[in-house]
Amino acid sequence: MKAIGVSITGCGSSAPTQVMTNDDLSHLVETSDEWIRTRTGIRKRHLATTDSSLSELSAQAGKQAIAMAGLTPGDIDLIILATSTADDLFGSAAKVQHILEADQAVAFDLTAACSGFVFGLITAAQFIRTGVYKNVLVIGADVLSRWVDWSDRTTCVLFGDGAGAVVCQGTTDKDHLLGFAMYSDGKQHDALNLGYGGTDKILKEGLTVNQGTYEPITMKGRDVYRFAVEKVPEVIEKALFNGQLTTDDIDWLILHQANQRIIDAVAKRLKIPSEKVIANLDEYGNTSAASIPLALDEAVRQGKIKPGDIVASSGFGAGLTWGAAIFRWGM
Ligand code: UT7
């Protein structure tokens with residue numbers, strides 16, 4: 001029988017063991033623990049070691065999620081790896097499939113910066129709802145430490161590395177992805193970039209190509225802050241409306257972990273009390289596509305989020321892109 005609904009049955013996460021504190025950063029750039037804590041809520045971040053890879057981190061998170069769902073890697077039909085920092089520009093999802101020995105799965109990367117996990121979850125649901133695939137692993141992972149300018153205090157204090165994952169399964173009764181909404185606004189593309197940078201190479205007279213690399217992250221912080229505080233409540237309300245729900249139905253709010261002030265402002269605008277807000281950016285900083293599943297996994301394993309709880313998640317970031325997914329956990 002064709003699946004008609006989506007069930008989110010497992011989660012996992014992984015973060016590098018190497019940790020950098022705010023005090024450590026104050027020896028690198030002109031900043032202070034006080035500035036970083038009060039402006040962002042971040043106290044430390046986990047940074048990938050030189051011999052680790054995005055693929056390995058992703059596979060660790062994926063393995064945990066598959067185990068929690070009671071499946072084996074061979075049961076997985078599709079792996080969606082949401083990342084902006086693949087080990088290989090051609091994509092890392094297939095490598096993750098190989099590490100996991102998920103031999104039956106097709107795997108591809110999805111790039112939507114800090115919205116990547118939410119976009120990936122919604123994409124997975126479409127394959128499940130049409131009955132094409134039954135068991136889908138969605139991973140959000142980023143290693144932005146590779147692309148930060150460690151002399152730029154306006155960005156280097158913000159980011160950390162990590163991976164988080166969920167398993168989505170087809171059900172024949174209820175659909176537990178209750179509502180979603182997604183948006184993009186390319187007009188604001190230059191607000192947040194990890195842009196291509198290259199130099200011209202003359203191959204012969206009249207034939208020149210550009211040979212590339214990528215420039216470090218740049219961000220118009222205040223513009224992105226204003227965008228997030230305005231658009232995130234709107235997109236959550238739209239997703240709730242699409243699911244015929246209201247903010248009162250939300251048990252837990254998990255936003256992309258960019259800034260505690262953004263999280264507080266969005267919760268306040270939606271009138272969601274702080275006890276319902278999940279945050280762990282004090283420990284991990286902004287881990288881009290990983291931040292939502294990393295926070296979800298911690299809260300599930302701490303016993304905060306329980307099967308049947310309704311979670312409102314929202315990602316936002318470069319593109320600009322933003323989206324929300326409201327789901328019932330663990331059913
Ligand atoms: O993941 C994608 C989504 N990203 C986001 O959502 C990030 C959104 N933006 C933000 O979270 C905030 O804008 C930041 C945390 C990036 C910056 O906080 P802010 O309160 O907007 O600070 P600001 O950029 O307005 O800078 C205030 C002051 C400036 O000095 P002046 O011009 O007032 O003298 C900055 O030069 O703070 C200075 N500053 C710093 N001082 C100490 C900027 N970075 C630092 C620093 N340490 N690390």
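We count ligands from 1, going down the list as the structure has it; atoms in each ligand are counted the same way. These values consider heavy atoms only, across backbone and side chains, with no hydrogens, waters or symmetry-generated copies. When a residue number appears, it is its place in the shown sequence, counting from 1.
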Chemist: Name the one of Asp161, Thr111, Asp142 that satisfies side-chain hydrogen bond (donor to acceptor under 3.5 Å, both in side chains) with Thr85?
Modeler: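 Output: one option passes, namely Asp142.
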Chemist: Under a 4.0 Å threshold between the charged nitrogen and the carboxylate oxygen, would Asp309 count as salt-bridged to Lys306?
Modeler: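 Answer for the salt bridge query: no.
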Chemist: Evaluate the 4.0 Å heavy atom contact test for atom 34 (O) of ligand 1: does a protein atom fall under the cut-off?
Modeler: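 It does not; no protein heavy atom is within 4.0 Å.
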Chemist: Taking a cutoff of less than 4.0 Å between a non-hydrogen atom of the residue and any ligand atom, is Ala228 in contact with ligand 1?
Modeler: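 Under 4.0 Å: no for Ala228.
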Chemist: Do NZ/NE/NH1/NH2 and the carboxylate oxygens of Lys44 and Glu283 come within less than 4.0 Å?
Modeler: yes
Chemist: For the pair Trp150 (side chain) and Ser145 (backbone), establish whether a donor and an acceptor sit closer than 3.5 Å, ignoring hydrogens and angles.
Modeler: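 Yes, Trp150 side chain to Ser145 backbone: donor-acceptor pair under 3.5 Å.
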Chemist: Of all the atoms in ligand 1, which lie at a distance below 4.0 Å from a heavy atom belonging to His256?
Modeler: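 Listed by number with element: 1 (O), 2 (C).
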Chemist: Go through ligand 1 atom by atom and flag the ones less than 4.0 Å from a non-hydrogen atom of Leu192.
Modeler: 2 (C)
Chemist: Heavy atom of Ile36 under 4.0 Å from ligand 1?
Modeler: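 Contact check Ile36 vs ligand 1: negative.
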Chemist: Using the six-membered ring wherever Trp is involved, compare the ring planes of Phe127 and Tyr133 and label them parallel, tilted or perpendicular (cut-offs 30° and 60°).
Modeler: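 Correct class here is tilted.
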Chemist: State plainly whether the residues Asp297 and Arg301 are in salt-bridge range, i.e. N to O under 4.0 Å.
Modeler: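 The answer is yes: the pair qualifies as a salt bridge.
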Chemist: Nearest protein heavy-atom contact for atom 21 (O) of ligand 1: which residue, which atom, what distance?
Modeler: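 Of the protein heavy atoms, Arg222 CG, 3.6 Å lies nearest.
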Chemist: Would you mind running through ligand 1 and noting each atom that sits below 4.0 Å from a heavy atom of Arg261?
Modeler: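 Those of ligand 1 that fall under 4.0 Å from Arg261 are 18 (O), 20 (O).
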Chemist: Using only atom types and a distance under 3.5 Å, with no angle test, would you say the side chain of Arg45 pairs donor to acceptor with the backbone of Met20?
Modeler: yes
Chemist: Which protein non-hydrogen atom lies closest to atom 38 (C) of ligand 1, naming both residue and atom, and how far is it?
Modeler: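 Answer, as residue, atom name and distance: Arg153 NH2, 3.7 Å.
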Chemist: Flag yes if more than 12 heavy atoms outside Gln18 fall under 6.0 Å of its CD atom; otherwise flag no.
Modeler: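 Yes, CD of Gln18 has more than 12 neighbouring heavy atoms, counting only those of other groups under 6.0 Å.
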Chemist: Please step through side chain to side chain contact (heavy atoms under 4.5 Å, CB included) for the pair Thr321 and Phe119, ending with a clear verdict.
Modeler: CA-CA 9 Å; Thr321 54; Phe119 282 24; 4.0 Å; yes
Chemist: Should you measure from each heavy atom of Glu30, which atoms of ligand 1 turn up under 4.0 Å away?
Modeler: 42 (C), 47 (N)
Chemist: Should you measure from each heavy atom of Thr31, which atoms of ligand 1 turn up under 4.0 Å away?
Modeler: 42 (C), 46 (C), 47 (N), 48 (N)
Chemist: So if I count the atoms of ligand 1 from 1 in the order they appear, which ones are less than 4.0 Å from some heavy atom of Val157?
Modeler: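 Here the atoms of ligand 1 in question are 48 (N).
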Chemist: Quick check on contacts: which atoms of ligand 1 are under 4.0 angstrom from a heavy atom of Thr40?
Modeler: 15 (C)
Chemist: Under 4.0 Å from ligand 1, counting heavy atoms only, is it the side chain of Val29, its backbone, both or neither?
Modeler: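 None of Val29 does.
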Chemist: Please say which of Gln257, Glu298, Arg43, His46 ends up in a side-chain hydrogen bond (donor to acceptor under 3.5 Å, both in side chains) with Tyr284.
Modeler: Glu298
Chemist: Given Asn259, Asp152, Val224, Leu320, which has its nearest heavy atom closest to atom 14 (C) of ligand 1?
Modeler: Asn259
Chemist: Please tell me if atom 31 (P) of ligand 1 is touched by the protein, where touching means a protein heavy-atom distance below 4.0 Å.
Modeler: no
Chemist: Given that the side chain starts at C-beta and the backbone is N, CA, C, O, which of these parts of Trp35 lies under 4.0 Å from ligand 1, counting heavy atoms, or is it both or neither?
Modeler: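 Within the 4.0 Å criterion, Trp35 contacts ligand 1 through side-chain atoms alone.
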Chemist: Would you mind checking which non-hydrogen protein atom is closest to atom 9 (N) of ligand 1, with the distance to 0.1 Å?
Modeler: Gly221 O, 3.0 Å
Chemist: Run the ring-ring contact (aromatic ring centres under 6.0 Å, His included) test on Trp147 and Phe159 for me, step by step, so that the C-alpha distance in whole Å, both residues' side-chain angles and the decisive distance to 0.1 Å come before the verdict.
Modeler: CA-CA 10 Å; Trp147 298 104; Phe159 299 103; over 10 Å; no
Chemist: Considering the heavy atoms of Arg39, write down every atom of ligand 1 situated less than 4.0 Å from one of them.
Modeler: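 This gives 19 (P), 20 (O), 22 (O), 27 (C) as the contact atoms.
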Chemist: Among all protein non-hydrogen atoms, which one is nearest to atom 1 (O) of ligand 1, and what is the separation to 0.1 Å?
Modeler: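 Going by distance alone, atom 1 (O) of ligand 1 is nearest to Asn286 ND2, 2.6 Å.
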Chemist: So is Phe316 in contact with ligand 1, going by heavy-atom distances below 4.0 Å?
Modeler: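 Right, Phe316 reaches ligand 1.
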Chemist: Would you call Asp88-Lys95 a salt bridge at under 4.0 Å N-O?
Modeler: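 Looking at Lys95 together with Asp88, the answer is no, because their closest N to O distance does not fall below 4.0 Å.
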